[in-house]
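Quick note on labels: first sequence line is chain A, next is B, and so on, each numbered from 1. Every value quoted in this text rests on a predicted model; they were computed, and no experiment measured them. For the numbers below, each heavy atom of this structure counts, side chains included, while hydrogens, waters and symmetry mates do not.
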Amino acid sequence: MKKTFCLVDCDNFYVSCERLFNPSLEGKPVVVLSNNDGCIVSRSNEAKLLGIPMGAPFFRWKEFFKQQGVVALSSNYALYGDISGRLMQLLEESAPCVEIYSIDEAWIDLSAHPSPESFARELREKIRRWTGIPVTLGIAPTKTLAKVASKIAKKTTALKGMNLLFGEEEIDQALRTLEVDELWGIGARLAAKLKERGISKAIDLKNADPFKIRRLFSVMLERTVWELRAISCFGLEENVSPPKQILSSQTFGQTLFSLDELRAATAHFVKEAARKLRQFGLAAHQMSVFLRHGPFPGYIESASFRFMEPIGDVIGLLEKADSLLQALYKPQRAYTKSGVILFDLLPQSCHQASFWPPEEEKERKYATLSHLLEELPKQKGKLTLRVGTELLGENWRLRFQRKTPSYTSRWEEIPAVKA
DNA sequence: TCTGGGGTCCTAGGACCC
DNA sequence: TCTGGGGTCCTAGGACCC
């Protein structure tokens, strides 16, 4: 059966969110920075026109921004997450089959829709009116081609944020204009290898022999070739599958040397990871703690542990993480980042009984404590109950020098209208 | 002086099994 | 001299995505 996929892709999402609450940013070059104000992760069209690349380190562009009047903002994830939630909800109410793909992208299956074009036109208008966020829609017989359609729509103002790609000639025409690394699933590494074999434009990959591509590269790349030929290989994934791993980590606000500081940071990451674990009703069979040290990009060392039984409670995770960390730590090292990964995740309900008699008393105590540790701060404020290790240091925390208020998610920061 | 954080999937190779 | 042929599972590492 012929398929029709529609990609809904927010334009410059983080910048667009900032503009909702600060219209004076409209028409100006604006960028949003990553955590720690490290690099540039979102750019307005005006900023793109100035030649500012995605992912560039902020410190290299600071001077240029001053000269050109570019506004740089720290990222405000509470705001972006909230706006994204509203937008996705709107999509789910408007379309039958939706896959939320990232904070600012979603797929809609329009295969059964009698008129995808008018549906898309109305949807785009509705999103703009209800959320204030501009989006671009790419519509095509495969996901890879829908990405191509949207990419071209973003480059071509005449298309007004919408592009349908169906005819073979139209598709070929589009693929002739794109480099192979502009395709979904092809990064710099693969592009370099493809170029060695004379495949440099997207159209060259479409015309390559899929079986040869599979042999030389991978099945994934073979599927991309089929997708470029309008044969769908990547379907819509509607059911939100639980995560397979949970990672919580950060680059520190400054270089750290002391074990106590690292312990405080790690305790924080464990709590974050455990919160997510509970949110999905999962338990972790394995945990790994890692540290990065030395000059950028640095060396990463990690230590893992496999629990006898999958574990979900914070206290148990904290204990183990702390001892893994202490085993990894070496004095005199300049640490720049740490983190915790939980993997081998299972639903809490498929708990396999232990061969050993359970330590019921201890488990009950832990469960109560873990519950308190999570609930109390939620109800009474962040600092009401914390783990001792968290108090060992604060220097790992991030610098946010240019953050805008949490307009939609904190009562104290809701915008006020002055009479 | 400054370089994000959170994910997924695939592959190759080793250990082990019958 | 001759040294099988299938499997499975696990892990590390590479590549990609937003």
Side-chain angles (χ1 to χ4, degrees), chain A residues 7-14 31-43 53-63 65 72 74-77 80-81 84 99-107 143-144 147 150-151 180-194 213-224 233-234 237 240-255 265 268-269 272-273 275-277 280 285-286 288 290 292 294-298 300 302 304 306 334 336-345 398-402:
Chain A
L7 173 67
V8 180
D9 191 354
C10 300
D11 299 341
N12 321 324
F13 184 57
Y14 296 173
V31 302
V32 173
L33 307 171
S34 65
N35 270 339
N36 239 10
D37 295 343
C39 39
I40 294 151
V41 291
S42 180
R43 306 157 294 157
M54 180 70 175
F58 176 46
F59 73 93
R60 285 209 193 122
W61 289 82
K62 234 174 187 168
E63 228 7 76
F65 286 2
S74 297
S75 41
N76 184 347
Y77 288 105
Y80 314 148
S84 171
E99 175 192 341
I100 297 171
Y101 181 61
S102 74
I103 193 164
D104 69 339
E105 275 176 64
W107 298 100
K143 280 184 162 181
T144 305
K147 277 268 182 188
S150 135
K151 181 149 251 161
V180 74
D181 61 356
E182 290 182 271
L183 291 170
W184 191 40
I186 296 173
R189 304 286 175 98
L190 272 177
K193 285 185 202 158
L194 284 166
I213 290 290
R214 181 192 198 129
R215 197 159 38 79
L216 291 170
F217 295 91
S218 68
V219 265
M220 291 303 276
L221 201 59
E222 182 200 0
R223 286 182 194 146
T224 299
C233 297
F234 305 119
E237 280 159 45
V240 266
S241 40
K244 300 186 174 155
Q245 63 172 54
I246 292 171
L247 181 145
S248 174
S249 74
Q250 250 172 43
T251 300
F252 304 133
Q254 61 190 77
T255 303
H268 176 81
F269 300 142
E272 272 304 301
R275 196 175 52 75
K276 264 190 223 157
L277 200 61
F280 288 98
H285 216 143
Q286 295 199 61
S288 142
F290 67 87
R292 190 181 74 188
F296 185 83
I300 288 181
S302 67
S304 308
R306 187 175 180 89
T336 54
K337 177 180 180 172
S338 80
V340 172
I341 306 172
L342 303 178
F343 51 108
D344 214 341
L345 308 181
L398 297 174
R399 299 177 301 249
F400 279 107
Q401 291 167 356
R402 309 143 189 279

Asks: Please report the distance, rounded to the nearest Å, between CG in A:L277 and C1' in B:dG7.
Replies: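 Taking CG of A:L277 and C1' of B:dG7, I get 16 Å after rounding.
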Asks: Report each atom pair, protein N/O against N/O of nucleotides 11-15 of chain C, whose distance is under 3.5 angstrom.
Replies:
{"unit_1": "C:dA15", "atom_1": "OP2", "unit_2": "A:R189", "atom_2": "NH1", "d": "2.5"}

Asks: If a pair means Watson-Crick or G-U wobble with both distances below 3.5 Å, what does DNA chain C look like in dot-bracket form, with | marking bases paired to a different strand?
Replies: ....||||||||||||||
Asks: How many whole angstroms separate atom OH of A:Y14 from atom P of B:dG6?
Replies: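 For the pair A:Y14 OH and B:dG6 P, the rounded distance is 11 Å.
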Asks: Using atom NZ of A:K62 as one end and atom P of B:dC2 as the other, report the distance to the nearest whole Å.
Replies: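 Nearest whole value for this atom pair: 12 Å.
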Asks: Residues in ring pair (Phe, Tyr, Trp, His ring centres under 6.0 Å) with A:F13, at least two apart?
Replies: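 Ring pair (Phe, Tyr, Trp, His ring centres under 6.0 Å) list for A:F13, sorted by chain: empty.
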Asks: List the residues meeting ring pair (Phe, Tyr, Trp, His ring centres under 6.0 Å) with A:F269, not counting sequence neighbours, and say none if there are none.
Replies: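 Testing A:F269 for ring pair (Phe, Tyr, Trp, His ring centres under 6.0 Å), a comparison that skips the adjacent residues, returns A:W396.
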Asks: Applying salt bridge (charged side-chain N to carboxylate O under 4.0 Å, His left out), name anything that partners A:R306, two or more places apart in sequence or on another chain.
Replies: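 Residues passing salt bridge (charged side-chain N to carboxylate O under 4.0 Å, His left out) with A:R306: A:D344.
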Asks: A:R223 side chain: which of B:dC10, B:dG4, B:dT8 is closest?
Replies: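 Of the options given, the side chain of A:R223 lies nearest B:dC10.
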Asks: Which is true for A:I246 with a 4.0 Å heavy-atom rule: it touches a base, it touches only sugar-phosphate, or it touches nothing?
Replies: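 Here A:I246 touches the backbone only, sparing every base.
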Asks: List for me each residue that meets side chain to side chain contact (heavy atoms under 4.5 Å, CB included) alongside A:S302, sequence neighbours excluded, and say none if there are none.
Replies: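 Per chain and number, A:S302 pairs via side chain to side chain contact (heavy atoms under 4.5 Å, CB included) with A:S288, A:F290.
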Asks: Is any side-chain N or O of A:K276 closer than 4.0 Å to OP1 or OP2 of B:dG5?
Replies: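 So the side chain of A:K276 is outside the cut-off, no N or O lying under 4.0 Å from OP1 or OP2 of B:dG5.
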Asks: Does A:F58 reach a base, just sugar-phosphate, or nothing at all? Heavy atoms under 4.0 Å.
Replies: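 Here A:F58 touches no strand at all.
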Asks: Closer than 4.0 angstrom, basic N to acidic O: yes or no for A:K147 and A:E105?
Replies: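 So A:K147 pairs with A:E105 through a salt bridge.
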Asks: Please confirm whether the shortest side-chain N or O distance from A:K147 to OP1 or OP2 of C:dC17 is below 4.0 Å.
Replies: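 The answer is no; no side-chain N or O of A:K147 sits under 4.0 Å from OP1 or OP2.
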Asks: Under 5.5 Å between ring centres and under 30° between planes: does that hold for A:F296 against the base of B:dT3?
Replies: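 Yes, the aromatic ring of A:F296 stacks with the base.
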Asks: Send over the distance from A:E272 CD to B:dG5 C1', rounded to a whole Å.
Replies: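 Roughly 12 Å, once rounded to whole Å.
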Asks: Please name the pair of heavy atoms, one in A:D37 and one in A:S74, separated by the smallest distance, quoted to 0.1 Å.
Replies: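 Here A:D37 and A:S74 meet closest at OD1-OG, 2.6 Å.
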Asks: Provide the distance between the two C1' atoms, one in C:dC17 and one in B:dG4, to the nearest whole Å.
Replies: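 Between the two C1' atoms, the distance is 14 Å.
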Asks: Over how many whole Å does the gap from A:E182 atom CD to C:dC18 atom P extend?
Replies: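 One finds 12 Å between P of C:dC18 and CD of A:E182, rounded.
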Asks: Need one value for A:I40: base, sugar-phosphate or nothing, where a base atom within 4.0 Å counts as base even if backbone is also close, heavy atoms only.
Replies: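 Result for A:I40 = nothing.
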Asks: Taking side chain to side chain contact (heavy atoms under 4.5 Å, CB included) as the definition, give me every residue that meets it alongside A:P295, ordered by chain and number, with sequence neighbours left out.
Replies: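 A:P295 satisfies side chain to side chain contact (heavy atoms under 4.5 Å, CB included) with no other residue.
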Asks: With respect to the side chain of A:S34, which nucleotide from B:dG4, B:dT3, C:dC17 is positioned closest?
Replies: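 So the nucleotide nearest the side chain must be B:dG4.
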Asks: Starting at OG of A:S84, measure out to OH of A:Y77 and round the result to the nearest 0.5 Å.
Replies: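 Result: 12.5 Å between the selected atoms.
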Asks: What integer distance in Å separates A:I103:CD1 from B:dG6:P?
Replies: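 It is 13 Å, rounded to the nearest whole Å.
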Asks: Suppose we screen for side chain to side chain contact (heavy atoms under 4.5 Å, CB included). Which residues come up paired with A:F280, at least two apart in sequence or across chains?
Replies: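 Counting only residues at least two positions away or on another chain, A:F280 forms a side chain to side chain contact (heavy atoms under 4.5 Å, CB included) with A:P243, A:L282.
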Asks: In whole angstrom, give the distance that lies between atom CD1 of A:I300 and atom C1' of B:dT3.
Replies: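 Spelled out: CD1 on A:I300 to C1' on B:dT3 is 13 Å.
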Asks: Could you check how far CE of A:M54 sits from P of B:dG4, rounded to whole Å?
Replies: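 To the nearest whole Å, that distance equals 12 Å.
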Asks: When you measure from the side chain of A:C39, which nucleotide among B:dG5, B:dC10, B:dT3 comes out closest?
Replies: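 Selected nucleotide (nearest to the side chain): B:dT3.
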Asks: Which residues satisfy the side chain to side chain contact (heavy atoms under 4.5 Å, CB included) test with A:R275, sequence neighbours excluded?
Replies: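 A:E272, A:Q279, A:E374.
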Asks: Measuring to OP1 and OP2 of B:dG5, would you say a side-chain N or O of A:T251 lies under 4.0 angstrom away?
Replies: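 For A:T251, the contact criterion (side-chain N or O under 4.0 Å from OP1 or OP2 of B:dG5) is met.
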Asks: Which listed nucleotide (B:dT8, B:dG4, C:dC17) is nearest to the side chain of A:P243?
Replies: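 So the nucleotide nearest the side chain must be B:dT8.
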Asks: What's the spacing between A:L183 CG and A:L190 CG if we round to 0.5 Å?
Replies: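 Here the interatomic distance stands at 11.0 Å.
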Asks: Hey, which sits more toward the 5' end of DNA chain B by its nearest nucleotide, A:F217 or A:L247?
Replies: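 Comparing both residues, the 5'-ward one is A:L247.
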Asks: Using a cut-off of less than 4.0 Å, is there contact between a side-chain N or O of A:K337 and OP1 or OP2 of B:dG5?
Replies: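 The answer is yes; a side-chain N or O of A:K337 sits under 4.0 Å from OP1 or OP2.
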Asks: Pick the closest DNA chain B nucleotide for A:S249 and for A:G38 by heavy atoms, then say which residue is nearer the 5' end.
Replies: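 The residue whose closest nucleotide sits nearer the 5' end is A:G38.
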Asks: Regarding A:Q245, tell me which of base, sugar-phosphate or nothing describes its non-hydrogen contacts under 4.0 Å with the strands shown.
Replies: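 Base: the residue A:Q245, judged by heavy atoms under 4.0 Å, touches a nucleobase.
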